[in-house]
Amino acid sequence: MSAPDRNSNVTAFSSLVEARSDEIVDKRGKTNSVVWKWFGYRTSDKLQVSACCKMFRRVVPTSSGNTSNLFHHLKQFHPIEHSESQKMRHHKSLSQPETIPPSSSPKPAVSIEKPMQQTQMAAFMPYDKQSKRHKDITKAVTYFLAKDMMSFSTVENVGFRKMISVIDPRYELPGRKYFSRTAIPALYGEVRERVEEQLKSVSYFATTADLWSSRTSEPYLSLTVHFIDQDWKLVSLCLQTVYFPEDHTGEAIADGLADALASWGLREDRQVCITTDSGTNIIKAAELNRWTRLQCFGHRLNSAIEKVNQDKRVDRAIGICKKVVAAFSYSWKKKRDLAAAQEEYHLPKHKLISETPTRWGSRQQMVKRVLEQKRAITEVLSKDKKTRPLVPTWQDVDVLESIDAALSPLLEFTDALSGESYVSVSFLKPVMHLFNTSILKEAADDTALTRTIKTTVMGYLNQKYDDPTMDDLLNMACLVDPRFKLQYTQEEKREYIKEKAVLEMLKGERSVVVREEESREEAMGDTSVPAKKTKRSLASFFQTGPPLLQAQKT
């Protein structure tokens, strides 16, 4: 055997002897504390002076007979074992008999040690799953998942579980299956029951429907209801977003929307109108159901802007913008250089904006930002021969400036007419009037392209809102809005709109009387429950509201 082999064998044998002599053995004698299940002494420590952790094989300093440091070590480095030790301490304290004081004592000695121990043990014990505290925290986590649309796997993430354990160490977080199969369905049931109760008091309502696809190309149909509650506040509730795998024909959509209303107890004859986009299938669905349909103004404006993009000059300039934004989006070096160029030219430190195809406003914001940063963009792109062809020419800049001059004023109107916290249909005629007389009216300093864009957009909008039925609907909406009344209604149609409003008021009054009689008959017919006289609400004195809206269906 060679010398290196003999040396390695000797080293291995020495390590084996040292490991055996360094093994951790249990404490000798009687051990009153449960903590010694996880601690002991090294074999070399003959007097058993230095306690050692069996898992870390690390010495834990302790004073004579005191195990506090040992429990603290478990709590800090071995939380699972620490929880088990607390349970063992709790069971041990319950199993020990109470100390009976000697009969010679004048008064029985009150032992406070055991209640204090039990209180201390309870402070470390997990909550009972039926306790109020456990239920409240679980409900809060459920609400968080639903309200912020978080995935169920969130409750299994290490960071989330750590946060919960720090907030309340006694709370044991359930797994994802509990939330997906029990907690979330229960919350949905509670919310649906509350919404159904709220819808029972709705006399008239409007709806919004939309067909859309998820990122994984799964089709969905959403339905939102809008109504005025008893406190005269406009309420919007998304009733459902359902998976819609059927062919998106007008007939299938019509049946789906009708079933959706029926499932929530909403009567079709109480629906004032439904707002949709301009898809031919959903337009046909509204016609099949004989529902009054209102075109979404934002979508219609988007369609008008698309007409502008058919101009080759506009199409080229928009294409250049997209390529410029893409060049900076996928290169951190160009982003760094752009920030330096902004500093050099004293430009705002803004990032470039990407276009969202379904929102024309994002395209306009992209154009505006490129124009704002054109000096910095040119500086960065010119330094790289690969991106040098992307530098916008002066012709492209002129086109972009013409687009911006024509369409930038429309951005604020899109946002204003897309709100859900206020009625916007009465704004349509005033906005159209403002477009024709000011915003999209040709100005003396407009370029030829700016005039073309304004004419194209305004011509499309005027054509779409020229329908007589739609015009009556918008006139009635303006009439019941005290800010506008008949101000934007043609002179020759004002008397007709007034007469129509009066007829709807009378019709509404008759329907209220009929509903009150039906309610009274139902109450009198039920002999088990005495009829209760109900007070008229404040809303009942203003019955002109809903019938006037109902006039939109005629």
Side-chain angles (χ1 to χ4, degrees), residues 199 202 204-214 216-227 236-307 309-310 357-360 414 417-418 420 423-425 428-429 432 456-457 459-477 549-554:
L199 292 177
V202 175
Y204 294 91
F205 62 92
T207 56
T208 304
D210 187 26
L211 277 163
W212 55 278
S213 299
S214 66
T216 55
S217 300
E218 294 176 334
Y220 290 90
L221 175 63
S222 294
L223 179 68
T224 304
V225 65
H226 314 272
F227 60 90
S236 295
L237 300 172
C238 181
L239 297 182
Q240 60 187 47
T241 296
V242 296
Y243 182 54
F244 200 72
E246 294 85 358
D247 291 339
H248 293 175
T249 61
E251 291 77 8
I253 297 173
D255 292 339
L257 292 175
D259 291 342
L261 290 184
S263 68
W264 288 93
L266 295 172
R267 293 170 49 181
E268 294 184 34
D269 60 338
R270 298 295 181 186
Q271 179 177 247
V272 175
C273 71
I274 181 171
T275 303
T276 71
D277 58 22
S278 57
T280 55
N281 51 358
I282 203 164
I283 292 176
K284 183 179 180 181
E287 293 175 351
L288 291 174
N289 287 338
R290 297 182 180 179
W291 293 350
T292 300
R293 190 188 71 88
L294 183 64
Q295 168 69 42
C296 171
F297 180 80
H299 194 275
R300 179 153 284 175
L301 185 58
N302 186 77
S303 299
I305 303 300
E306 290 298 328
K307 295 287 184 181
N309 293 331
Q310 294 177 3
T358 56
R359 296 185 64 86
W360 80 270
T414 302
L417 291 172
S418 301
E420 289 188 349
V423 176
S424 57
V425 64
L428 282 180
K429 292 212 76 169
M432 290 292 295
T456 302
V457 174
Y460 180 86
L461 293 177
N462 286 332
Q463 178 188 358
K464 292 300 180 182
Y465 285 107
D466 193 38
D467 180 67
T469 302
M470 179 61 63
D471 189 59
D472 288 350
L473 187 153
L474 298 181
N475 284 330
M476 189 66 72
L549 292 177
Q550 177 67 12
Q552 299 174 23
K553 297 187 66 175
T554 59

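Starting from 1, each residue takes its place in the sequence as its number. Keep in mind it's a predicted model, so treat the numbers as computed, not measured.
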Give me the atom names and distance for the closest heavy-atom approach of [X] to [Y].
| X | Y | result |
| --- | --- | --- |
| W212 | S222 | NE1-OG, 2.9 Å |
| Y460 | S303 | OH-CB, 3.4 Å |
| G256 | F244 | CA-CE1, 4.5 Å |
| V425 | A477 | CG1-CB, 3.9 Å |

- prompt: Stepwise, does the side chain to side chain contact (heavy atoms under 4.5 Å, CB included) test hold for L199 with L239?
  reply: CA-CA 11 Å; L199 292 177; L239 297 182; 4.2 Å; yes
Side-chain H-bond candidate by donor/acceptor type, D466 with N462, under 3.5 Å: no
Side chains of [X] and [Y]: does their closest heavy-atom pair fall under 4.5 Å?
| X | Y | answer |
| --- | --- | --- |
| L257 | I274 | yes |
| C273 | W291 | no |
| V272 | T292 | no |
| W264 | L237 | no |
| R293 | T276 | yes |
| S278 | Q295 | yes |
| I253 | E246 | no |
| H226 | F205 | no |

task: Count the heavy atoms of every other residue, nucleotide or ligand shown that sit under 6.0 Å from CG of D259, and state whether that count exceeds 12.
output: yes
What's the spacing between [X] [atom1] and [Y] [atom2] if we round to 0.5 Å?
| X | Y | atom1 | atom2 | value |
| --- | --- | --- | --- | --- |
| L474 | K429 | CG | NZ | 6.5 Å |
| M432 | L461 | CE | CG | 5.0 Å |
| L261 | Q240 | CG | CD | 8.5 Å |
| N302 | K307 | CG | NZ | 12.0 Å |
| L223 | C238 | CG | SG | 7.5 Å |
| T275 | D210 | OG1 | CG | 11.5 Å |

message: Please determine whether side chain to side chain contact (heavy atoms under 4.5 Å, CB included) holds for the pair L266 and T207, giving the CA-CA distance in whole Å, both sets of side-chain angles, and the decisive distance to 0.1 Å.
response: CA-CA 11 Å; L266 295 172; T207 56; 5.6 Å; no
Using a 3.5 Å distance criterion without hydrogens, assess whether the side chain of [X] forms a donor-acceptor pair with backbone atoms of [Y].
| X | Y | value |
| --- | --- | --- |
| S217 | S213 | no |
| D247 | T249 | no |
| N289 | A254 | yes |

message: Does D277 form a side chain to side chain contact (heavy atoms under 4.5 Å, CB included) with C296? I'd like the steps, not just the answer.
response: CA-CA 6 Å; D277 58 22; C296 171; 5.5 Å; no
query: Taking the six-membered ring of F227, is NZ or CZ of R270 closer than 6.0 Å to its centre and within 45° of its axis?
result: no
task: Applying side chain to side chain contact (heavy atoms under 4.5 Å, CB included), run through M476 and D472 and close with a yes or a no.
output: CA-CA 6 Å; M476 189 66 72; D472 288 350; over 6 Å; no
